[in-house]
Number of protein chains: 6
Amino acid sequence: MNTREDGRADDDLRPIKITRHWLDHPAGSVLVEFGRTRVLCAASASEGVPRWRKGSGLGWVTAEYAMLPASTNTRSDRESVKGRIGGRTHEISRLIGRSLRAIIDDKALGENTIQIDCDVLQADGGTRTAAITGAYVALADACAKLGVPRALTGSVAAVSVGIIDGVPRLDLPYVEDVRAETDMNVVMTGEGTFVEVQGTAEGAAFDRAELDALLALAEKGCADLTRLQREALSS
Amino acid sequence: MNTREDGRADDDLRPIKITRHWLDHPAGSVLVEFGRTRVLCAASASEGVPRWRKGSGLGWVTAEYAMLPASTNTRSDRESVKGRIGGRTHEISRLIGRSLRAIIDDKALGENTIQIDCDVLQADGGTRTAAITGAYVALADACAKLGVPRALTGSVAAVSVGIIDGVPRLDLPYVEDVRAETDMNVVMTGEGTFVEVQGTAEGAAFDRAELDALLALAEKGCADLTRLQREALSS
Amino acid sequence: MNTREDGRADDDLRPIKITRHWLDHPAGSVLVEFGRTRVLCAASASEGVPRWRKGSGLGWVTAEYAMLPASTNTRSDRESVKGRIGGRTHEISRLIGRSLRAIIDDKALGENTIQIDCDVLQADGGTRTAAITGAYVALADACAKLGVPRALTGSVAAVSVGIIDGVPRLDLPYVEDVRAETDMNVVMTGEGTFVEVQGTAEGAAFDRAELDALLALAEKGCADLTRLQREALSS
Amino acid sequence: MNTREDGRADDDLRPIKITRHWLDHPAGSVLVEFGRTRVLCAASASEGVPRWRKGSGLGWVTAEYAMLPASTNTRSDRESVKGRIGGRTHEISRLIGRSLRAIIDDKALGENTIQIDCDVLQADGGTRTAAITGAYVALADACAKLGVPRALTGSVAAVSVGIIDGVPRLDLPYVEDVRAETDMNVVMTGEGTFVEVQGTAEGAAFDRAELDALLALAEKGCADLTRLQREALSS
Amino acid sequence: MNTREDGRADDDLRPIKITRHWLDHPAGSVLVEFGRTRVLCAASASEGVPRWRKGSGLGWVTAEYAMLPASTNTRSDRESVKGRIGGRTHEISRLIGRSLRAIIDDKALGENTIQIDCDVLQADGGTRTAAITGAYVALADACAKLGVPRALTGSVAAVSVGIIDGVPRLDLPYVEDVRAETDMNVVMTGEGTFVEVQGTAEGAAFDRAELDALLALAEKGCADLTRLQREALSS
Amino acid sequence: MNTREDGRADDDLRPIKITRHWLDHPAGSVLVEFGRTRVLCAASASEGVPRWRKGSGLGWVTAEYAMLPASTNTRSDRESVKGRIGGRTHEISRLIGRSLRAIIDDKALGENTIQIDCDVLQADGGTRTAAITGAYVALADACAKLGVPRALTGSVAAVSVGIIDGVPRLDLPYVEDVRAETDMNVVMTGEGTFVEVQGTAEGAAFDRAELDALLALAEKGCADLTRLQREALSS
């Protein structure tokens with residue numbers, strides 16, 4: 001029998017906590033927790049758009065992701081001190097930005113910019129999926145504050161899935177993540193359609209049946225997260 | 001009727017050309033062409049491994065991707081001049097490295113390093129998938145030259161697929177790529193299993209049926225590329 | 001009559017909150033709050049010292065300070081993205097490091113390194129003094145965990161003081177800080193001696209009497225903070 | 001009895017030499033010598049102000065400090081070659097800029113920029129205080145040349161003081177600086193008020209009586225330097 | 001008797017090959033080969049000039065040179081990854097730019113910019129001289145395409161010469177280059193005048209007679225290259 | 001008649017001044033003046049050589065060149081602040097290093113490193129040639145101090161020559177340099193052989209007769225400088 005260290009069923013999320021208004025300054029801000037993973041998501045709104053977009057009547061949403069040095073098991077070096085951003089950081093920042101832009105109507109947003117910052121305070125696996133899930137809520141608050149709630153055409157949530165010892169599992173903590181043969185991050189809308197699917201064979205390549213099982217698990221997880229996002233926003 | 005500008009059927013690859021031994025110095029080198037996309041792939045072998053791997057008995061394969069400034073429609077700035085590597089470049093370099101490591105037996109490679117360089121000479125869509133497909137052949141030549149052909153546990157090839165005007169299509173050139181609603185890059189082994197699946201909704205989010213159609217198309221394309229790789233290596 | 005916006009007396013600290021063990025990974029961690037200023041202080045311990053100190057038998061304590069982009073009134077650019085650390089960040093990182101090293105016995109610490117990270121989650125004036133005050137508590141926890149409590153030869157706390165409309169005040173929030181004619185940051189040991197005194201005339205230069213008044217106020221504030229640190233550590 | 005290696009009394013400055021017009025190009029330039037410490041101070045004037053200040057009618061004074069590689073005991077690496085400016089350099093550049101701005105009337109300066117460059121040709125302790133003392137004279141010459149002598153609202157000079165073997169001393173050369181238990185840099189106006197006070201416990205923390213003794217010594221030293229600046233400017 | 005490894009006479013060029021239109025996107029492009037040295041030269045034209053030249057009515061030609069990592073005997077690190085351009089790269093880029101500007105009439109070019117990119121695909125000595133020789137042809141094609149053929153006031157070609165074992169030789173491959181006592185790169189116009197002469201004593205300093213012999217050899221080589229450029233352009 | 005602004009004959013050097021021992025710390029140091037051009041040359045000696053040269057028994061001489069911001073007519077930005085070294089700086093640093101290594105016997109130097117720093121305090125044309133001329137003297141002093149005078153196999157000096165209004169002239173100041181049609185820097189040994197010849201057509205390309213005239217002028221200038229170097233070293 002496959003039991004998970006934390007006692008969850010294979011298709012259970014970790015305890016999810018979404019705390020809105022965690023910061024005073026930005027238009028929207030959320031502390032999101034997926035188990036011990038803790039990400040601070042801020043949505044700062046400002047008038048105007050980058051130069052290349054001026055006069056288009058369209059808004060702009062962009063995102064930056066980073067990890068605090070002490071967020072990881074062993075302290076990691078600060079990218080500002082190294083003077084360059086690593087590939088992984090770039091990759092995740094771009095993923096978060098694309099995911100949020102998928103549910104934004106640039107025209108309804110008008111020539112405003114919303115800058116998303118996702119800073120990982122504590123990392124225990126799934127930081128990018130927690131970041132997307134929390135950033136959506138911060139973005140929704142920012143749009144409301146800007147008076148353009150209709151700039152949101154839907155919602156997005158994200159979850160990780162993976163195969164451990166041959167068994168597909170939902171929402172992997174660090175101990176499972178490092179053992180996973182296959183690892184997939186899936187971003188979905190609240191209506192159940194796909195925004196991003198990123199699957200990687202860590203050990204052996206995976207076949208179509210395994211891929212299908214992982215996608216089904218991700219659909220379940222994103223639906224749960226969508227419900228939790230709605231509850232947080234209506235409270 | 002949906003006809004493609006270049007007259008291909010929706011599930012046809014562009015003309016593929018794999019020229020081995022294009023360079024004199026590296027252990028393996030390939031000029032790979034997917035239509036007008038032209039990527040120079042080199043596999044440079046050297047004894048020893050990075051410091052963090054010394055004494056492990058294991059080898060190391062890593063990759064770097066870059067575009068020549070004049071390879072694109074409009075000249076793009078040189079990253080060495082800008083002093084920093086962009087997120088897209090980082091992302092693709094990491095993808096190529098992971099894809100090739102998936103079919104490498106680090107033990108059989110021994111404490112040797114193979115550095116893959118994929119430099120895009122001309123870009124017309126699908127540069128990352130051409131790079132992976134060509135880099136595999138260069139890597140195979142390098143393993144042979146190093147006397148460790150068994151370090152290869154299989155082959156990898158990659159192809160892009162996308163939905164244009166509602167129709168799934170294989171191996172997108174630039175004109176189709178910019179119009180695609182959904183864009184997916186798939187890396188597969190010669191045995192037909194998946195190494196990487198990266199799908200992105202460019203316009204609207206996509207549903208499960210669309211995802212399945214794209215995966216089927218990618219399976220067909222990778223099988224074709226695998227055959228072409230074998231032909232090139234046996235000539 | 002000079003009343004402060006938040007109703008405090010001129011020699012009152014803001015509400016201070018010191019939350020230990022806020023993170024799971026580092027040896028010591030504290031979330032310190034001076035009113036709405038919120039700084040996450042982590043003390044990560046590792047065996048060994050930098051190369052230039054090897055074989056000396058002495059330990060090493062160093063510190064890095066940074067602000068999250070959304071911590072400020074108006075979002076500030078991320079230093080990792082800019083690719084260089086600003087002068088203010090450098091200056092404060094160095095101040096925190098010197099302040100903590102003042103109460104560390106390098107010999108008793110042995111060849112261990114403690115890396116302090118002070119990340120400002122929310123900024124409302126006095127972030128550097130809050131950082132030092134909180135970092136001391138995290139450092140004390142780290143020394144205890146490392147089994148070298150005697151590496152601490154005392155305690156340090158820090159507070160800002162300034163002259164607003166001719167009146168000396170303790171622990172300035174942002175609204176007072178920007179209006180201060182003179183601004184001083186004072187770091188003191190638990191025994192009431194000085195570790196750092198940094199006074200700057202923002203408007204007019206200040207005379208000796210004003211300097212004396214500010215120093216007296218700082219002595220009072222640091223004594224209060226020392227008491228609060230002790231309470232936090234004994235709870 | 002405490003005698004200093006160079007025979008000075010504890011409250012004596014080193015031989016001070018201020019040579020004006022050392023360079024042909026900048027509006028003001030001074031070679032300042034505090035004993036063997038030698039700093040070349042240039043004040044380059046240009047019309048206009050940085051973008052963020054345009055249209056304000058106000059001028060701008062800013063400063064950069066650097067050390068030549070061969071100025072120090074052991075050659076130090078060139079910061080341009082390292083590609084980044086160190087924390088100490090940043091800190092001193094900022095200190096010089098703040099000190100000079102303290103005696104500048106931005107309105108009287110008009111929309112002009114004066115850029116101060118302080119390059120240490122030879123270092124023997126007290127380079128930052130020599131830099132401020134010399135830069136003031138270069139700045140005065142530049143204001144005169146620009147036809148805005150009234151942009152200067154006073155003068156500034158700076159000196160280092162420290163406690164060596166329990167004895168407070170003025171204007172420390174390198175051999176004393178490295179042995180000082182406490183080290184303080186003080187910037188004062190010609191009228192005897194304070195612009196900056198930066199005291200650091202190098203060994204043990206210092207008490208209020210020691211702080212008072214150091215401040216008195218600094219007041220004496222700055223008064224002497226102010227007199228020497230006046231003599232230089234009237235010659 | 002001095003025979004060259006590749007059987008050439010001392011005043012013979014290696015086999016030269018100039019392939020025009022090697023790329024689809026830039027206005028001019030040439031793959032130039034000097035023996036096994038292979039350089040891809042692209043001339044990208046764009047309307048407008050850099051800010052400092054706007055409104056002058058004058059055009060601008062500039063150049064960048066780089067080597068692919070696998071172009072050299074032993075793989076060289078990528079400058080974009082190192083984050084800085086080396087001195088040799090800078091030097092050669094500047095040389096190419098100056099050489100081409102020597103035969104450009106900025107007025108006839110009008111406010112257009114031509115950006116030359118010379119990327120070394122394979123290096124076997126003489127990459128900078130091959131680059132200049134090929135870049136001229138690409139530039140000529142770009143001027144024709146822009147409709148400003150008269151912007152060219154002449155042609156340029158370049159060749160390396162050197163003294164090996166006391167004997168002056170033309171167009172050195174790598175094996176000769178590393179053994180040369182003196183190494184000279186000469187850029188000449190089609191009319192036989194000099195644009196650049198760069199001679200360096202690698203081993204012993206050279207005397208006036210040796211210098212004269214090298215210059216004569218370079219004149220012969222550049223005349224040959226000029227003829228080959230004309231043939232390529234007229235085909 | 002062509003008279004030079006400063007009254008010199010066409011083949012006259014500017015007034016040359018070589019002041020040895022200008023700095024206390026480095027093994028050799030020289031303030032060299034070519035008219036108003038003033039360069040501080042330091043030769044810092046240290047035991048050991050860079051890693052790639054260890055165990056070879058050979059020494060190493062390297063050089064860095066830089067200009068102080070206020071050395072030029074109009075202030076130039078500091079390269080340490082820009083975070084990258086410009087091409088011109090790189091080029092000149094490399095030229096100085098090569099020139100000095102031409103007269104160094106690496107074996108006689110032993111495994112020692114001499115680092116040359118040439119910092120331009122004031123620029124009025126010919127800074128690189130003044131730097132080489134002064135650096136040789138500093139290097140000679142450093143070799144003597146290291147006890148390896150025989151590491152010097154000869155001397156080097158350098159001078160600029162150019163054609164202004166059709167007339168060849170020696171040692172160009174800034175006003176002549178900017179008007180020169182052709183500009184050449186020549187580095188020669190004390191025996192009258194060539195180390196470097198770098199000629200550039202600034203306006204029109206130059207013919208062989210002009211090149212010969214410039215070389216003759218440079219031979220005369222370098223011979224004069226060699227004599228002045230000898231006088232300085234024997235005083």
Side-chain angles (χ1 to χ4, degrees), chain C residues 62-65 79 82-99 101-103 105 153-156 163 181-212 214-216 218-219 222, chain D residues 62-65 79 82-99 101-103 105 153-156 163 181-212 214-216 218-219 222:
Chain C
T62 183
E64 285 173 10
Y65 164 97
E79 290 185 325
K82 289 194 286 184
R84 48 174 81 191
I85 288 181
R88 180 183 173 276
T89 298
H90 259 143
E91 211 168 291
I92 299 179
S93 293
R94 285 157 56 88
L95 171 66
I96 299 171
R98 282 199 311 271
S99 298
R101 284 192 293 273
I103 49 95
D105 177 345
T153 64
S155 71
V156 274
I163 300 180
E181 292 111 48
T182 293
D183 183 16
M184 187 172 291
N185 291 294
V186 179
V187 185
M188 300 186 74
T189 64
E191 285 91 53
T193 51
F194 294 90
V195 171
E196 289 271 343
V197 174
Q198 298 200 335
T200 299
E202 299 287 345
F206 50 97
D207 63 24
R208 186 60 193 274
E210 289 169 314
L211 177 53
D212 288 345
L214 288 173
L215 288 168
E219 289 182 271
C222 285
Chain D
T62 182
E64 285 174 11
Y65 164 98
E79 291 185 324
K82 289 194 286 185
R84 50 173 79 189
I85 288 181
R88 180 182 173 277
T89 298
H90 259 143
E91 209 168 292
I92 300 179
S93 293
R94 286 158 54 90
L95 171 65
I96 299 172
R98 282 200 311 270
S99 298
R101 283 193 294 271
I103 48 97
D105 177 344
T153 63
S155 71
V156 275
I163 300 179
E181 293 112 48
T182 292
D183 185 16
M184 188 173 289
N185 291 294
V186 179
V187 185
M188 299 186 74
T189 64
E191 287 91 52
T193 50
F194 295 90
V195 171
E196 288 271 344
V197 174
Q198 298 200 335
T200 299
E202 300 287 345
F206 51 96
D207 63 23
R208 187 60 194 272
E210 289 169 315
L211 177 53
D212 287 345
L214 288 173
L215 288 169
E219 289 181 271
C222 284

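In what follows, chains are A, B, ... by sequence order, proteins preceding strands, each numbered from 1. This is a predicted model, so every value here is computed, not measured.
Within the 4.5 Å cutoff, the side chain of D:Asp207 has no heavy atoms near those of the C:Phe194 side chain. Looking only at side-chain heavy atoms (C-beta outward), C:Phe206 and D:Val197 come within less than 4.5 Å of each other.
With a 4.5 angstrom heavy-atom cutoff, C:Asp212 touches chain D via backbone and side-chain atoms both. Only the backbone of D:Ile85 comes within contact range of chain C, with at least one heavy atom under 4.5 Å from a heavy atom of that chain.
Contact count versus chain C (heavy atoms, under 4.5 Å) is highest, among D:Thr189, D:Leu211, D:Thr153, for D:Leu211. Contact count versus chain C (heavy atoms, under 4.5 Å) is highest, among D:Gly154, D:Ser93, D:Gly87, for D:Gly87. Top candidate by heavy-atom pairs under 4.5 Å with chain D, chosen from C:Glu210, C:Arg101, C:Arg84, C:Arg88, is C:Arg88. For chain D, the option among C:Met188, C:Met184, C:Arg208 with the highest count of heavy-atom pairs below 4.5 Å is C:Arg208.
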Just distance, no hydrogens or angles: give the donor-acceptor pairs under 3.5 Å from side chains in residues 198-205 of chain C, sequence neighbours left out.
| from | atom 1 | to | atom 2 | distance (Å) |
| --- | --- | --- | --- | --- |
| C:Thr200 | OG1 | D:Glu196 | OE1 | 3.2 |
| C:Thr200 | OG1 | D:Glu196 | OE2 | 3.2 |

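Between C:Gly97 and C:Ala63 the shortest heavy-atom distance is N-CB, 3.7 Å. D:Val195 and D:Ala102 make their closest contact through CG1-CB, 3.7 Å (heavy atoms, listed as atom of the first residue, atom of the second, distance).
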